[in-house]
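Notes for the one structure printed next.
In this text, all values refer to a predicted model and were calculated from it rather than measured experimentally. All ligand and atom numbering here is 1-based and tracks the order in the structure. Only heavy atoms go into these numbers, but all of them, side chains included; no hydrogens, no water, no symmetry mates.
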Amino acid sequence: MRVAVVGVQGDVEEHLAITKKALDDLGIDGKVVAVRKPGLVSGCDAVIIPGGESTTISKLIWKDSIASEIIELADSGHPIMGTCAGLIIISKHGDEQVRKTETKLLGLLDVRVRRNAFGRQRESFEAPLKFDEVGEYNAVFIRAPVIDEVGSNVRVLARFEDKVVAAREKNILGLSFHPELTNDTRIHRYFLTMV
Ligand code: GLN
């Protein structure tokens with residue numbers, strides 16, 4: 001199995017490391033590669049878009065064909081996971097901030113996201129979640145977005161308080177938080193078994 005981590009900006013190294021660890025935990029012989037240029041995504045079985053700064057990541061992947069390569073891979077049924085800024089990027093609809101910054105989204109997950117939804121008082125925090133099919137999970141949130149609306153084919157996997165923080169639509173998985181910043185590989189394992 002070959003897994004791509006979009007490597008243009010953000011928590012790239014952390015995703016590379018935990019994805020490798022998750023493959024090892026699953027006993028899968030696989031390779032994890034950072035993608036910073038066009039022509040690499042199509043040879044992969046799955047793609048992860050990390051957290052970082054969504055406007056920057058978006059600009060860099062649309063600058064060349066990385067964005068359209070991800071869309072093509074998603075359309076052929078391969079799993080795509082977006083975490084934090086990555087969630088914003090894979091979403092279909094954004095909020096006022098997304099519109100104002102002209103952040104172009106991939107439109108893979110039929111949800112409406114809200115950037116920096118927890119405001120300044122709560123820039124980063126950890127919280128225990130009940131994650132569907134994974135179980136109790138301690139999630140790390142950093143200037144996190146939330147999902148305000150979900151389309152009819154989208155399954156909510158986790159909430160924090162009343163807010164949707166994890167959702168899946170067929171092969172597309174979106175998380176508000178950072179599964180790469182823990183030693184717990186369960187979310188990455190869940191994603192890899194979607195392949
Ligand atoms: N606040 C960032 C954004 O909206 C996302 C934060 C993150 O990925 N840790 O782009």
Side-chain angles (χ1 to χ4, degrees), residues 3-19 22 32 34-36 46-63 66-67 70-71 74 79-129 131 137-150 157-161 163-168 172-185 187-188 190-191:
V3 184
V5 174
V6 172
V8 294
Q9 195 264 336
D11 301 338
V12 181
E13 295 305 320
E14 293 86 345
H15 266 295
L16 292 170
I18 197 167
T19 307
V32 192
V35 168
R36 299 190 178 89
V47 178
I48 297 172
I49 307 175
E53 216 282 315
S54 52
T55 307
T56 307
I57 297 174
S58 168
K59 265 201 198 107
L60 294 170
I61 62 172
W62 283 101
K63 188 169 64 75
I66 297 176
I70 296 170
I71 294 171
I80 313 290
M81 173 164 76
T83 65
C84 203
L87 160 67
I88 299 169
I89 301 209
I90 63 172
S91 294
K92 201 169 242 176
H93 309 285
D95 64 351
E96 192 58 21
Q97 281 189 60
V98 169
R99 196 186 59 75
K100 272 197 190 142
T101 52
E102 294 175 11
T103 304
K104 210 168 155 191
L105 309 179
L106 293 174
L108 301 173
L109 182 64
D110 186 12
V111 299
R112 181 176 301 282
V113 283
R114 180 155 47 97
R115 282 182 75 175
N116 303 309
F118 294 98
R120 294 218 166 271
Q121 297 85 353
R122 231 180 183 178
E123 286 221 317
S124 56
F125 58 95
E126 277 187 48
L129 307 176
F131 198 106
Y137 180 84
N138 206 34
V140 177
F141 293 83
I142 304 169
R143 287 182 284 284
V146 295
I147 295 171
D148 278 335
E149 290 167 30
V150 298
L157 298 177
R159 288 175 202 270
F160 171 66
E161 294 169 344
K163 298 175 181 71
V164 176
V165 294
R168 174 176 174 180
I172 312 295
L173 178 64
L175 313 173
S176 294
F177 53 89
H178 289 262
E180 77 287 7
L181 297 182
T182 64
N183 289 318
D184 188 341
T185 60
I187 303 251
H188 280 76
Y190 172 75
F191 173 65

Minimum-distance protein heavy atom relative to atom 1 (N) of ligand 1: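 For this ligand atom, the closest protein heavy atom is N116 OD1, 2.7 Å.
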
Would [X] count as being in polar contact with ligand 1, using the rule that some N or O on each side must be under 3.5 angstrom apart?
X	value
A85	yes
C84	no
H178	yes

So for I88 against ligand 1, with non-hydrogen atoms under 4.0 Å, the contacting part is side chain

Please check if the side chain of [X] supplies one atom and the backbone of [Y] the other of a donor-acceptor pair under 3.5 Å.
X	Y	value
S91	L109	no
Q9	E53	yes
R114	P145	no
D95	R115	yes

Would you mind listing which atoms of ligand 1 come within a distance below 4.0 Å of any non-hydrogen atom of G51?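 Checking each atom against G51, I get 8 (O).
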
Per-atom contacts, ligand 1 versus S54 - under 4.0 Å to a heavy atom: 3 (C), 4 (O), 10 (O)

Decide if atom NZ of K163 counts as having more than 12 heavy atoms of other residues, nucleotides or ligands within a radius under 6.0 Å. yes

Mind checking whether G52 has a heavy atom under 4.0 Å from ligand 1?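 Yes.
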
Can you tell me if Q97 has a non-hydrogen atom under 4.0 Å from ligand 1?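 The answer is no: ligand 1 sits nowhere under 4.0 Å from a heavy atom of Q97.
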
Closest heavy-atom pair and its distance - L108, I172: O-CG1, 3.8 Å

Answer yes if the ring centres of F160 and F177 are under 6.0 angstrom apart, and no otherwise. no

My understanding is that we take every heavy atom of each candidate and find the minimum distance to atom 4 (O) of ligand 1. Doing that for Q9, R143, R115, E53, which one comes out nearest? R115

